[in-house]
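Below, chains carry the letters A, B, ... as their sequence lines are ordered, and counting in each starts from 1. Only heavy atoms go into these numbers, but all of them, side chains included; no hydrogens, no water, no symmetry mates.
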Amino acid sequence: MITKLDSVLLPKKKFIYHYKNMRWAKGRHETYLCFVVKRRVGPDSLTFDFGHLRNRNGCHVEILFLRYIGALCPGLWGDGGPEERRLSYSITWFCSWSPCVNCSMKLSQFLSKTPNLRLRIFVSRLYFCDLEDSMEREGLRMLKRIGVHITVMKYKDYFYCWQTFVARNTSIFKAWDGLHQNSVRLTRKLSRILQPCETEDLRDAFRLLGL
DNA sequence: ATTTTCAAT
């Protein structure tokens, strides 16, 4: 179903406030998760669903999403019949913060039991990833290992979200100051987190270069 | 230079 009522769309101000990828995102004590669920119902046939969630009552938004996933993804666990045919799903979500370590663990556990579900995560900001040995960093690597694609949002992703999840009344997405620079900085940071520099590889590279 | 973080009050 592509048509959605305005009430399920995010207000513009809310989207900008919570997704702004500024370095010090003071006061963002909420996290938003905009999702697109793509369901393969036949060899050449897909259906879509989309919406957004935010954390509530101390429950992180990723865990909330897992709670709703049964409703969003009928047939994910099979249809209960003798053949147990499982529908294939791919979910893309755009989160204002990257997941905490606990959510990363819960997600990894979940995904390890649903090989018919592919998940792509876009994040606007990195949550508690400043310290080299932060557990949140470890959580992101865990997700990567289990096959989740994690990417920092770029202009095109904000543009897409604006078009898809925001009650924009035909207004066009307007980038805030520093969007691009912040995105580049966070992308570098995430790639350093996901591909920690391995000295063995470096030595090989140097050897190859004859250094 | 330093600032924040899915609150708690």
Taken in chain and number order and not counting sequence neighbours, the residues that satisfy side-chain contact (heavy atoms from CB on, under 4.5 Å) with A:Ile172 are A:Phe159
Residue set satisfying side-chain contact (heavy atoms from CB on, under 4.5 Å) with A:Val101, at least two apart, ordered chain then number -> A:Met105, A:Met135, A:Glu136
What pairs with [X] under side chain to side chain donor-acceptor pair (under 3.5 Å), at least two apart in sequence or on another chain?
X: A:Tyr160; value: none
X: A:Arg120; value: A:Thr92
X: A:Ser124; value: A:Tyr158
X: A:Lys14; value: none

Counting the atoms with a prime plus P, OP1 and OP2 as sugar-phosphate, which does A:Glu62 contact under 4.0 Å by heavy atoms, base, sugar-phosphate, or nothing? base
Can you tell me, in whole Å, how much space there is between the P of B:dT5 and that of B:dT9? 15 Å
With sequence neighbours left out, which residue pairs that include part of residues 150-166 of chain A fulfil the salt bridge (Lys or Arg N to Asp or Glu O under 4.0 Å) condition?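 Those involving residues 150-166 of chain A do not exist here.
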So which pairs with a foot in residues 160-186 of chain A pass salt bridge (Lys or Arg N to Asp or Glu O under 4.0 Å), sequence neighbours left out?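 Every pair satisfying salt bridge (Lys or Arg N to Asp or Glu O under 4.0 Å) with a residue in residues 160-186 of chain A: there are none.
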Counting only non-hydrogen atoms, which of residues 96-109 of chain A are less than 4.0 Å from DNA chain B?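 Close to the strand are A:Trp97, A:Ser98, A:Pro99, A:Cys100.
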So which of residues 21-28 of chain A are in contact with DNA chain B, with a heavy-atom cut-off of under 4.0 Å? A:Arg23, A:Trp24, A:Ala25, A:Lys26, A:Gly27, A:Arg28
Span of DNA chain B in contact with chain A (heavy atoms, under 4.0 Å): B:dT3 to B:dA7
Please tabulate, for the side chains in residues 62-72 of chain A, all donor-acceptor contacts under 3.5 angstrom to protein atoms that are two or more places apart in sequence or on a different chain.
none

Could you state whether A:Tyr17 and A:Val61 fall into the same hydrophobic cluster, counting links through intermediate Ile, Leu, Val, Met, Phe, Trp or Tyr residues with side-chain heavy atoms under 4.5 angstrom apart?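 They do not share one cluster, since no chain of ILVMFWY contacts under 4.5 Å joins A:Tyr17 to A:Val61.
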